[in-house]
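Worksheet: the structure to be examined is printed underneath.
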Amino acid sequence: MPEGPEVKTVARTLACEMVGHELGELWHSHHRLRAAVDYSLLRRVENTVVDGVSAYGKVLFISVDQKPAIMAQLGMTGQLTVTSTKTPVLTHTHLRWPLKDTGRELRYVDPRRFGLIAPCDEEQKEAIINRLGPDPFLMTDNDYTSVIEAMRRSRRVIKDILLDQSIIVGVGNIYASEALFLAKINPSRAGSDISISEYQGLIKAVVVVLTQALKNCGTTFSNYVDGSGKKGDNLAFLKVFQKDGEPCQECRTPIIRIKQAGRSTFYCHQCQA
DNA sequence: CCCCTATCCTGAGGGC
DNA sequence: TGCCCTCAGGATAGGG
């Protein structure tokens with residue numbers, strides 16, 4: 001569910017809730033998440049103090065005692081929040097982790113179980129980041145060049161390339177459509193057929209779209225919430241995502257929905273010819 | 001190698 | 001009301 005801006009928002013709000021507090025005794029459900037979680041390893045983090053929560057792309061990292069300790073991927077429906085221990089426990093709650101002396105706890109709720117919570121040391125964190133592309137917010141000139149080269153090398157369709165986290169991180173199904181609309185690029189064009197100047201516009205559009213989403217604390221169209229349980233405000237700013245049949249905000253042509261790699265893409269046939 | 005499909009799951013919503 | 005279908009913010013094994 002969450003894309004880069006949502007995960008960054010979760011990290012920021014969780015940091016607020018968790019940093020400086022000591023983790024208590026972990027509880028977990030018997031359900032398996034996307035992969036089997038080594039809970040005994042995760043339990044080694046009990047009785048340590050959280051000192052940071054960060055995000056790289058759609059991956060979230062929690063560190064204790066100046067060392068990475070936990071990584072989380074929220075998949076489609078994962079929610080990582082801190083609430084009062086007295087808040088009723090939702091079905092599909094897979095993890096409860098008290099923050100000592102606060103009356104509050106970290107909870108992981110994930111109906112579809114496509115997400116993952118796992119222990120994670122320094123090396124593992126490095127390995128995860130190494131197989132991901134650059135963060136569009138932190139890109140150097142060299143990153144720009146190599147990202148564009150990687151995209152031009154691919155014969156896949158540009159929409160699919162944008163979703164590929166090994167090329168660039170943080171773009172998911174909502175913001176891929178939104179960025180292509182802003183850059184006026186047809187989602188079905190092959191990566192190899194797009195010019196360098198068009199790519200420069202596209203990367204700029206990705207940054208604009210993600211920056212706006214981050215400013216609005218993410219897009220909630222169904223169940224996304226931040227680390228404090230708050231919804232995002234970015235839904236009202238979307239121009240094409242899930243707007244099939246509605247008139248394009250630029251030219252009034254109805255927005256079209258197509259399927260690419262099994263996922264919906266929304267675009268304006270006129271503006272993105 | 002690269003690319004595509006199916007798959008992991010539950011729940012919401014529409015048509016009949 | 002219920003049944004069946006499609007769809008949903010993601011990632012990845014494995015087949016062609």
Side-chain angles (χ1 to χ4, degrees), chain A residues 1-11 29-37 55-60 71-81 90-94 108-118 127-129 131-133 149-180 188-193 206 209-210 212-214 216-227 230-238 240-245 257-266:
Chain A
M1 118 185 95
E3 307 183 24
E6 288 74 25
V7 177
K8 273 191 159 67
T9 303
V10 171
S29 76
H30 62 279
H31 287 287
R32 157 194 177 99
L33 300 178
R34 197 183 77 215
V37 174
Y56 187 87
K58 302 176 190 173
V59 188
L60 193 136
M71 81 90 161
Q73 277 179 251
L74 305 180
M76 293 280 242
T77 52
Q79 296 178 338
L80 208 45
T81 58
L90 298 171
T91 37
H92 308 298
T93 297
H94 301 295
Y108 183 62
V109 178
D110 188 354
R112 292 177 75 181
R113 282 181 262 143
F114 289 175
L116 184 63
I117 309 279
I128 290 166
I129 291 174
R131 57 184 172 73
L132 294 172
E149 269 173 18
M151 290 182 169
R152 274 172 70 85
R153 226 179 291 133
S154 174
R155 288 157 52 214
R156 293 144 80 196
V157 136
I158 187 59
K159 157 71 182 326
D160 290 1
I161 297 172
L162 281 175
L163 295 180
D164 186 338
Q165 303 297 297
S166 70
I167 294 181
I168 194 167
V169 296
V171 180
N173 209 39
I174 297 176
Y175 303 126
S177 284
E178 293 295 318
L180 286 164
S188 299
R189 288 176 65 189
S192 50
D193 287 345
V206 165
V209 161
L210 296 186
Q212 180 200 250
L214 188 60
N216 292 317
C217 300
T219 301
T220 298
F221 76 79
S222 134
N223 60 8
Y224 162 74
V225 292
D226 72 15
K230 271 181 50 193
K231 295 178 176 188
D233 300 321
N234 198 57
L235 187 64
F237 294 82
L238 300 182
V240 291
F241 183 75
Q242 287 199 335
K243 302 216 182 283
D244 44 320
R257 162 170 156 178
I258 58 170
K259 198 133 244 190
Q260 296 180 304
R263 312 189 66 189
S264 288
T265 303
F266 303 84

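Residue numbers start from 1 in every chain, and the chains themselves are labelled A, B, ... in the order their sequence lines are given, proteins ahead of strands.
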Taken to the nearest whole Å, CG/Asp110(A) to C1'/dA8(C) is 13 Å

Would you say Phe114(A) stacks on dG10(C), if stacking means ring centres under 5.5 Å apart and planes within less than 30 degrees? yes

Between dT5(B) and dC7(C), how many Å separate the two P atoms, rounded to a whole number? 15 Å

Scan Ser264(A) against the nucleic acid and name what it touches under 4.0 Å (heavy atoms): base, sugar-phosphate only, or nothing. sugar-phosphate

Would you indicate whether the side-chain heavy atoms of Pro2(A) and Val10(A) approach each other to under 4.5 Å? no

Taking atom CG of Asp110(A) and atom OG1 of Thr77(A), what is their separation to the nearest 0.5 Å? 4.0 Å

To the nearest 0.5 Å, what is the distance between CZ on Arg155(A) and CG on Asp193(A)? 10.5 Å

Atom CG of Asn173(A) to atom P of dA8(C): distance rounded to whole Å? 7 Å

Output the pairing pattern of DNA chain B as a dot-bracket string, 5' first, Watson-Crick or G-U wobble with both distances under 3.5 Å, | for cross-strand pairs, [ ] for crossing pairs. .|||||||.|||||||

Would you indicate what Arg131(A) reaches in the nucleic acid, counting non-hydrogen atoms under 4.0 angstrom: base, sugar-phosphate, or nothing? sugar-phosphate

Arg263(A) CZ - dG9(C) C1' separation (whole Å): 7 Å

Side-chain atoms of Gln165(A) come closest, of dC7(C), dG10(C), dA11(C), to dA11(C)

Report the residue (Arg32(A) or Arg156(A)) whose heavy-atom-nearest nucleotide on DNA chain B is the more 5′ of the two. Arg156(A)

CD1 of Ile258(A) to OG of Ser188(A), rounded to nearest 0.5 Å, is 3.5 Å

Quickly work out the Tyr175(A) OH to dA8(C) C1' distance and round it to whole Å. 15 Å

By the 4.0 Å heavy-atom rule, please label Arg257(A) as base, sugar-phosphate, or nothing. sugar-phosphate

Rounded to whole Å, please give me the gap between CD in Gln242(A) and P in dA8(C). 7 Å

Nearest to side-chain heavy atoms of Lys259(A), which nucleotide of dT12(C), dG9(C), dA8(C): dA8(C)

Less than 4.0 angstrom between a side-chain N/O of Lys58(A) and OP1 or OP2 of dG9(C), yes or no? no

Outer limits of DNA chain B sitting under 4.0 Å from a non-hydrogen atom of chain A, read 5' to 3', are dC3(B) to dG11(B)

Tell me what Phe221(A) touches on the nucleic acid: a base, only sugar-phosphate, or nothing, going by heavy atoms under 4.0 Å. base

Leu162(A) CG to dG10(C) C1': how many Å, rounded? 15 Å

